[in-house]
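First up is the structure itself, then whatever we jot down about it.
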Amino acid sequence: METLLLPSELSIYTAAELHPQWLAWADRSTGEPQAARADGAGVDQVDGAGVQLLVALQRCLAARGCTLQLQAPSGPLRDACAALGLAGWLTALQPANAEAA
Amino acid sequence: MSTDLDFIAEALPAFLSEAEEQIENLEALLLQLEHQPGDAELLNALFRCAHTVKGSAGLFGLDAVVDFTHHVETLLQRLREGQVQLTPALSTLLLRCNDQIRVLVSEAGGQAEDDEAVSVRAGLVAELQAAAGIEAAMPMSTAAGTEPVSAAPLRPWHVSVAFGPEVFRNGMDPLAVLNYVRGLGSMPHMVCDVDGIPPLDELDPENCHLAFIFSLVTEASRAQIEDAFSFVREDCQLHVLSPGSTPAQFADLIDAMPGNPRLGEILVTAGAISPAQLQQGLRSQQAAAALGEPALLGQLLTEQTGLAPQVVDAALRKQREQRRSDAAPTTPDDQRYIRVQAQRLDAVINLLGELVIAGAGAELLARQTGQRPLMEANGQISRLIEEIRNGTLQLRMVPIGETFARFRRVVRDTAAELGKSVQLDIVGGETELDKSVVERIADPLMHLVRNALDHGLESAEQREAAGKPAQGRLTLSAHHEAGSIVIRITDDGRGIQRRKVLERAWSRGLVEPGVVPEDAAILRLIFEPGFSTAEAVTNLSGRGVGMDVVRSNIEALRGSVLLDSVEGQGSCIEIRLPLTLAIIDGFLVGVGVSRFIFPLDAVVEVIEGSANDVTLDTRGRGVVELRGHVLPVVSLRTLYGIDGPAASRGSVVVLKAGHTRFGVLVDALLGQHQTVIKPLGRLLRSLRGMAGSSILGNGEVALIFDVPALSQLAAEPAPRKPATDPVAARAYL
């Protein structure tokens with residue numbers, strides 16, 4: 001199982017580039033017995049478009065019956081999600097909580 | 001190598017045209033505001049327009065515009081916050097200031113102004129400051145929806161915002177906007193509508209699908225809260241619900257909510273219940289479900305928290321709507337527009353004209369070869385050319401409503417000046433016509449409207465004395481009819497006074513004194529040059545340069561104008577214009593070796609082989625019977641002195657011009673022909689009855705008839721010398 005490393009810049013400037021890469025990863029990860037895992041430690045710059053992309057990824061996997069787990073979200077990522085009312089959503093994605101959800 | 005200055009010089013025309021639009025918008029909104037003084041949406045829109053003009057002008061360093069617009073903005077802001085009330089005088093001041101902004105923008109970066117202009121502007125600024133400043137010193141007026149400005153307490157507001165798809169592309173970030181809004185106070189509850197974001201495989205990453213509902217505790221006013229969204233205002237749906245809202249208002253807010261938030265979230269963020277109460281409700285729901293008794297969340301919440309059922313109903317309705325619309329396919333975006341340079345469009349249309357001619361030539365050659373496949377292929381090409389032609393001509397069409405709307409201001413100001421009360425109705429503003437026609441019809445229309453206001457409509461006292469309502473009515477209407485656009489200016493004023501017109505005509509020598517022509521002829525006299533019955537020449541009209549110039553302007557557009565009037569009741573001016581100037585469907589006929597074209601929409605019918613049924617007099621005029629009616633007929637051969645052997649079986653083409661019908665005698669009927677209109681050369685322009693020329697497929701030139709002019713020519717009484725000198729005619733042809 002390959003972990004998706006979230007890039008240091010997760011914003012409108014990189015969204016178009018990341019879109020096909022993430023789609024390909026999602027295709028590869030669906031069908032694996034364990035949850036699909038992503039790592040958010042490297043995220044440094046993030047904006048609305050970036051968070052939107054992340055939400056879209058989670059929803060895509062969920063629609064395919066696959067849970068997204070996001071470990072170690074960085075400070076900037078947590079702040080952005082909180083500012084957009086997605087603090088709870090982000091917490092629910094973290095590995096310790098994912099099983100409970 | 002281009003510098004910043006080069007860039008600015010290049011971008012300036014775009015700024016000028018966009019600023020023009022904003023200024024037009026401002027005027028329309030101001031006029032609307034007069035009827036709806038407290039309307040918050042209008043006031044906000046007004047502020048944004050002024051703000052945009054100021055901002056863009058700042059980019060170009062147009063300090064005069066920025067400074068002046070700033071004062072206007074200040075006053076608009078006071079209006080928005082309810083600290084100043086809109087009075088008619090204030091409205092007039094704002095309209096004048098808008099005019100001033102227009103002047104300043106058009107002078108953008110131009111020469112230094114003269115002292116008079118500067119002092120006029122200073123005067124307006126003083127008035128603006130007085131209007132904005134004085135009110136602020138007085139005690140606060142309690143207009144609906146105002147909040148006290150001093151010592152503002154913290155109050156909870158409920159905000160719902162759905163950012164539109166273009167927000168990212170326009171350089172905005174919802175995260176930044178919300179952070180800014182948060183700076184106004186605090187946001188105890190914030191929910192993002194996650195379900196509104198498509199899954200990754202359906203998402204276009206550069207489209208924005210973010211929507212939020214949150215409560216905001218702040219001492220800011222509504223205007224300040226809305227201002228925080230000003231950069232994205234055009235791209236989002238924003239609802240701000242003030243504190244202390246009734247259940248009905250909550251219900252409205254829920255109805256207007258974006259996306260598909262879950263019921264509980266809706267209610268929490270609307271502040272109707274607290275998160276704790278929601279948790280309680282959810283637990284009860286799960287418990288009930290476990291017992292096999294499914295309970296509705298809404299019901300539970302009502303029972304447990306005393307939530308007004310109305311609010312729950314609204315939330316449930318919202319959910320149902322969402323589910324239903326999820327099943328249905330999404331509707332496409334609003335119509336998108338592209339800005340196109342008029343010159344480029346004209347160039348394309350010219351090429352299209354050449355294509356039509358070339359296509360006709362090819363079709364002719366193909367027919368001569370007699371080869372079926374080739375003829376069919378050419379037929380296909382001709383059909384496609386026709387479609388492209390129709391599509392391209394459509395591109396130049398604009399609704400006449402834009403021109404009509406300009407008259408609102410004119411009517412308002414002129415009526416005020418004259419001390420008359422007038423209501424302007426506009427019907428059929430969506431009727432489209434060619435852009436160049438629109439531009440050229442604006443001035444004649446303006447004159448006619450001013451005429452109606454000045455002479456047609458009476459003052460309130462005169463109207464009441466005549467038993468009419470004190471307010472006069474002026475109607476501008478437009479509709480399509482058989483390939484033309486018909487524009488009518490109707491008023492319910494005093495109508496054309498035949499007696500006065502006659503007296504003026506007698507004194508001017510236009511008619512023999514004492515002679516009373518028929519009614520229609522009396523009305524036509526008004527269009528004669530130098531004619532005016534106004535006792536006092538006002539600065540609006542009555543200078544006698546009006547009606548004949550109006551008529552010739554309209555006729556230059558291949559249109560016609562007709563006046564109808566009932567004394568004491570009102571008048572109606574009807575203008576007919578062709579829909580397009582460039583390419584028309586034509587009907588080709590032959591007389592001798594000459595070729596002529598009639599615009600197809602002027603052709604009523606054709607009576608083949610009937611020429612022998614018509615007895616002509618020496619001037620080539622006669623009549624023919626058509627289904628019980630008598631139709632006047634004129635022979636083109638005689639009228640234009642055309643040579644050549646007469647055909648054994650000529651035909652009569654029945655034409656219509658306005659409300660009259662007449663026939664023309666021709667030798668040969670040559671069928672329909674897509675006609676590209678080329679203007680007549682200088683030599684031929686004096687040839688009466690002709691609107692232009694066209695090149696046929698075989699390279700010959702055909703003259704295009706101006707049917708209304710032809711009908712007048714045909715109806716003329718016998719002149720002292722022949723209408724056409726055959727020798728001279730041949731020299732022209």
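Chain naming here is simple, since letters A, B, ... match the order of the sequence lines and numbering starts at 1 in each.
Closest approach of A/P95 to A/R37, counting heavy atoms only: CG-NH1, 4.0 Å.
Listed by chain and residue number, nothing satisfies the salt bridge (charged side-chain N to carboxylate O under 4.0 Å, His left out) test with A/D39 (two or more places apart in sequence, or in another chain).
Both the backbone and the side chain of A/L84 come within contact range of chain B, with heavy atoms under 4.5 Å apart. Residue A/A49 touches chain B through both its backbone and its side chain, counting heavy-atom pairs closer than 4.5 Å.
Within the 4.5 Å cutoff, the side chain of B/F168 has no heavy atoms near those of the B/N207 side chain. Between A/S11 and A/V46, every side-chain heavy-atom pair lies at or beyond the 4.5 Å cut-off.
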Q: Decide side chain to side chain contact (heavy atoms under 4.5 Å, CB included) for B/F212 and B/V159; before the verdict, give the C-alpha distance in whole Å, the side-chain angles of both, and the deciding distance to 0.1 Å.
A: CA-CA 8 Å; B/F212 304 89; B/V159 182; over 6 Å; no
Q: Evaluate the criterion side chain to side chain contact (heavy atoms under 4.5 Å, CB included) for residue pair A/D27 and A/R64; output intermediate values, then yes/no.
A: CA-CA 10 Å; A/D27 287 339; A/R64 298 176 186 190; 2.7 Å; yes
(Q) Pair B/Q224, B/S221 - check side-chain hydrogen bond (donor to acceptor under 3.5 Å, both in side chains), show working. (A) CA-CA 5 Å; B/Q224 285 167 310; B/S221 67; 3.3 Å; yes
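The aromatic rings of B/F163 and B/F229 are tilted relative to each other, their planes meeting at an angle between 30° and 60°.
Using a cutoff of 4.0 Å between basic side-chain nitrogens and carboxylate oxygens, B/D227 and B/R48 are not scored as salt-bridged.
Without hydrogens or angle criteria, A/H19 side chain to B/L200 main chain gives a donor-acceptor distance under 3.5 Å. A donor-acceptor contact shorter than 3.5 Å is absent between the side chain of A/S29 and the backbone of A/A26. No donor-acceptor pair closer than 3.5 Å links the side chain of A/W22 to the backbone N or O of A/L4. Using modelled atom types, no side-chain atom of B/S160 and backbone atom of B/H239 make a donor-acceptor pair closer than 3.5 Å.
Using non-hydrogen atoms only and a strict 4.5 Å limit, the part of residues 173-186 of chain B facing chain A consists of B/D173, B/L175, B/L178, B/N179, B/R182. Chain B is approached within less than 4.5 Å, heavy atom to heavy atom, by A/A80, A/A82 from residues 73-82 of chain A, ordered by number. Residues of residues 50-59 of chain A that come within less than 4.5 angstrom of chain B, heavy atom to heavy atom, are A/Q52, A/L53, A/V55, A/A56, A/L57, A/R59 in numerical order.
When the shell of 6.0 Å around CD of A/E17 is examined, it contains 12 or fewer heavy atoms from other residues, nucleotides or ligands.
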